[in-house]
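Inspection log for the structure reproduced underneath, given as structure tokens.
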Amino acid sequence: MRTSWWQGAVIYENHLPSLRDGSGDGIGDLEGLTQSLGYLSATLGIDAVWVGPFFKSPLLDQGFDVADYTQVDPVFGSIESFDHLIAVAHKRGLKIIVDYIPNHTSDQHPWFVESRSSRTNPKRDWYVWRDPKPGGGVPNNWTSEAGGSVWEWDEQTGQYYLHSHLKQQPDLNWRTVDVRAAMLDVLRFWLDRGADGVRIDVAHMLMKDPQFRDNPVAPKGNQNPFDLQHPDFGTQLHVFDRRHPDTQAVLAEIRAVVDHYPGAVTIAEIEAMSWQDWAVYYGAGLDGMHLPFPFRLLETPWRADLLRAELDGLYASLPTGAWPIVALGNHDRERLAKRLGPEQARVAAVLLLTLAATPCLLYGDELGLIDQPVPLDRQRDYFARASGGVSRDSTRIPMPWDDGPNFGFSSAPEGQLWLPVARNGADVNVEAQLRDPESFLNLYRRLLRTRADSTALRYGSIDFISSPSAKEVLAYARRTADDHKVVALNLSDRPATVDVGVAGTVLVCTTAPAVGSAGLVLELEPHQAVVIDVRGRRP
Ligand code: GLC
């Protein structure tokens with residue numbers, strides 16, 4: 001079997017300002033990440049880190065508002081700290097995936113400063129400028145993810161510019177050839193410096209309807225309850241402002257550049273839609289994204305039959321030869337342990353690390369970290385500044401490392417920290433959890449080791465096993481020619497039974513030390529999930 005490294009890998013979504021502060025200014029940085037690589041590779045056992053943005057930025061959207069794509073923002077370090085990160089990571093066999101943010105820049109980016117300076121500036125069409133609608137007002141009804149219209153009036157030049165997110169994040173115009181050329185150079189810059197791939201921010205948004213038609217009004221109840229977007233956003237069906245078919249050609253251009261770097265991977269953020277629509281992003285003949293990053297599993301209510309239906313949809317839509325990535329947590333959503341509670345967050349860990357897909361794990365989820373409200377005066381996320389806007393800061397609190405000051409995140413005074421530390425950091429921290437054999441962290445470590453040791457879990461087929469308790473129990477077999485595992489998850493707080501038809505040894509269990517053998521019929525305790533190494537089948 002010929003595989004790429006990222007098929008067998010587990011990816012860790014680091015959130016750079018929140019992981020570890022190496023400089024002492026209160027904000028996580030590249031040096032702090034480099035210092036954490038021993039934990040990530042040797043203690044935890046992941047294979048690749050998705051770093052999070054570290055480019056020059058006013059940091060109104062956590063660095064997704066880029067003012068210079070090829071400069072490291074001083075709060076995150078320098079280009080030397082990036083080179084050092086790559087060197088240390090590669091020495092440890094870890095891959096480094098950098099963010100590529102092609103849809104928009106900061107309004108501080110020199111390209112935008114030029115573009116807005118006059119209607120005749122050569123960079124005017126690097127962004128999306130439109131006249132008011134005949135009779136006045138915004139050019140169309142599109143709503144922004146941060147709330148309100150996507151159109152911002154520019155007094156000086158008498159036109160509106162488009163911003164799909166904050167008004168300080170103008171959208172680049174990918175229909176302009178020079179924009180494409182400049183942005184492909186950005187890609188080359190980081191790949192030349194040793195990045196092992198890119199995570200492409202809102203990849204489904206690069207092309208918009210060239211006629212800028214109004215989006216249709218959404219039926220009532222359209223708001224996605226799992227999404228932290230502004231409620232304005234859900235008032236319409238976003239058919240003309242994103243997922244335009246022309247996006248595929250642009251993504252194929254990006255992929256063609258990346259293909260010059262052997263082994264480099266493209267992970268593309270593709271927001272909620274049907275599995276068929278998601279699968280389009282692999283490209284015709286798989287010339288698109290290696291790993292379109294889906295959100296449906298994060299957005300499915302935690303019930304076995306509903307998750308099963310989503311997974312059936314995922315695998316049925318997967319083009320031949322394509323490989324999926326899955327995540328159950330993300331920096332834009334509520335954390336797993338908050339959404340599901342601690343017992344089921346452990347069940348979720350088993351699901352994430354045993355599916356036939358590359359798992360992507362959000363920093364801190366391996367500790368069962370829980371979101372916590374951030375007081376207004378400490379909030380960083382400008383998405384919360386629009387009235388009714390939702391702050392994503394509560395998900396992004398600092399990683400607790402030990403029970404020292406600021407739980408080991410930073411040596412700066414607490415008031416200077418990027419965000420307040422976890423209130424329960426005394427119990428929920430790496431050192432404390434390493435001492436407790438049944439902690440979240442040790443469960444994740446066992447799962448990661450079990451996955452690393454098993455060709456079936458990394459590369460094998462997946463076959464779902466039916467259970468009379470279909471709402472409570474999700475079970476499946478993972479198989480290669482010489483390795484066979486069965487996974488059974490009880491998503492409820494009641495005992496449940498599943499006939500798996502094979503017997504074996506329990507390798508991992510969420511509710512007890514994993515010991516002993518498992519019979520043909522599993523009697524699962526409440527909140528119990530198990531991984532079984534199959535040794536025999538029903539005679
Ligand atoms: C993506 C990022 C999100 C950011 C947005 C705009 O969805 O995940 O955090 O706010 O893009 O860049």
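Hydrogens, waters and symmetry mates are skipped; everything else that's a heavy atom, side chains included, is used. Numbering of ligands and ligand atoms starts at 1, following listing order.
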- Note on the structure: For Val202, the atoms of ligand 1 under 4.0 Å from one of its heavy atoms are 1 (C), 7 (O), 11 (O)
- Item | Atoms of ligand 1 close to His165 [distance to a heavy atom under 4.0 angstrom, numbered from 1] | 5 (C), 6 (C)
- Do the numbers put Lys95 on top of the ring of Trp6, so that NZ or CZ is under 6.0 Å from the six-membered ring centre and no more than 45° off the axis? no
- Query: Among all protein non-hydrogen atoms, which one is nearest to atom 6 (C) of ligand 1, and what is the separation to 0.1 Å?
  - Reply: Asp61 OD2, 3.3 Å
- Query: Above 12 or not: heavy atoms from other molecules or residues under 6.0 Å from NE2 of His260?
  - Reply: no
- Query: What residue and heavy atom of the protein are closest to atom 2 (C) of ligand 1, and at what distance?
  - Reply: Asp201 OD1, 3.2 Å
- Message: I'd like to know if Asp99 and Arg199 make a salt bridge, using a cut-off of under 4.0 Å between side-chain N and carboxylate O.
- Response: yes
- Item | Carboxylate-amine/guanidinium contact Asp332 Arg392, below 4.0 Å | yes
- Query: Which heavy atom of the protein is the closest neighbour of atom 7 (O) of ligand 1, given with residue, atom name and distance?
  - Reply: Glu269 OE2, 2.9 Å
- Would you call the rings of Phe440 and Tyr444 parallel, tilted or perpendicular if under 30° counts as parallel and over 60° as perpendicular? parallel
- Query: Backbone, side chain, both or neither: what part of His104 comes under 4.0 angstrom of ligand 1, heavy atoms only?
  - Reply: side chain
- Task: Please work out whether the ring planes of His15 and Tyr363 are parallel, tilted or perpendicular, with thresholds of 30° and 60°.
- Result: parallel
- Query: Purely on distance, is any nitrogen or oxygen of His331 under 3.5 Å from one on ligand 1?
  - Reply: yes
- Message: Checking a contact table here: which protein heavy atom is nearest atom 9 (O) of ligand 1, and how many Å away?
- Response: Asp332 OD1, 2.7 Å
- Report the part of Arg199 in contact with ligand 1, treating N, CA, C, O as backbone and CB onward as side chain, heavy atoms under 4.0 Å; options are side chain, backbone, both, neither. side chain
- Task: For Arg392, take its heavy atoms, then give the atoms of ligand 1 lying under 4.0 Å from any of them.
- Result: 3 (C), 4 (C), 9 (O), 10 (O)
- Message: How long is the straight-line distance from CD1 of Ile270 back to NE2 of His204, given to the nearest 0.5 Å?
- Response: 6.5 Å
- Item | Contact with ligand 1 for Gln62, non-hydrogen, under 4.0 angstrom | no
- How does Arg396 reach ligand 1, by side chain, by backbone, by both or by neither, if only non-hydrogen atoms under 4.0 Å count? side chain
- Task: Could you check if a side-chain atom of Lys338 sits within less than 4.5 angstrom of a side-chain atom of Ser394, using non-hydrogen atoms only?
- Result: no
